[in-house]
Amino acid sequence: MEEIAILIVEDEKKIADTLKQGLSENGHFVEVAYDGNIGFKIFSSMKFDLVILDINLPGMNGYELCKAIRVINSNIPVIMLTAMSDMKDKVDGYDAGADDYLVKPFEFRELLLKIRVLLKRTLKQHLPIGNIIKVSDLEMNLDSKEVTRAGKKINLTAKEFQLLEYLLRNRNRLLSRADIAVHVWEIDFDTNTNVIDVYISYLRNKVDKSFDQKLIHTQVGMGYILKDK
Ligand code: CA
């Protein structure tokens, strides 16, 4: 399966983190939210291929979140996790627009199988994201983790790679420092740190410095944007 972007919204941290680890090991790009409202914020801010939702969540619950997601994207596969196996919950979930269900505790294999089946359905209708993200002459290979610009290899640290991947996936979209902090550092934005600016400058040195066309741009007081024109 090619790399797909999955959002997990689950407030049981242990389950969420285990799922994230398992899906990442299977080559997927995974974002986690422990709260329904934050989950919706993350969903609205980037492109995902599949969503896994718990039902009982702080903030928006799983049904409300599923409905809100459906308003933005009627097609994205949604799998609901539930600790309650009773039929009424399933009916509510399907009413809210879920595609499938998993009753906790479940086997990870079963989740992988459901993901595969659901994606087969949607990927037939949409062009897959593919394993190479390309903006202008900058290319990121998500399988080999190689980055090149104008065919020249660029060596990045793991964190620089994650930051660049996030910028590339959201190309032509202005990203605030808070967006970047949550998605790349998985922390809430701390105004006392300039770690994001420092990493952006590392990336610029490697990605833009020796090229006429700059791809990473600063919007003063707003954040950063990677764009090709
Ligand atoms: Ca829960």
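First listed ligand is number 1; within each ligand, the first listed atom is number 1.
Only protein N, O or S atoms were scored, and 3 of them lie under 3.0 Å from the Ca ion (ligand 1).
For the residue pair G62 and L53, the shortest heavy atom distance occurs at O-CD1, 3.6 Å.
Here K41 does not pair with D179 in a salt bridge; the nearest charged N to carboxylate O distance is not below 4.0 Å. In summary, R169 and E31 do not engage in a salt bridge, as defined by a charged side-chain N under 4.0 Å from a carboxylate O.
Using modelled atom types, one finds a donor on one side chain and an acceptor on the other under 3.5 Å when comparing D17 with Y34.
For residues 145-172, the pairs satisfying ring-ring contact (aromatic ring centres under 6.0 Å, His included) are Y166-H183, with sequence neighbours left out.
Ring-plane geometry between F40 and F43 is classed as parallel, the angle between the planes falling under 30 degrees on a 0 to 90 degree scale with a further cut at 60.
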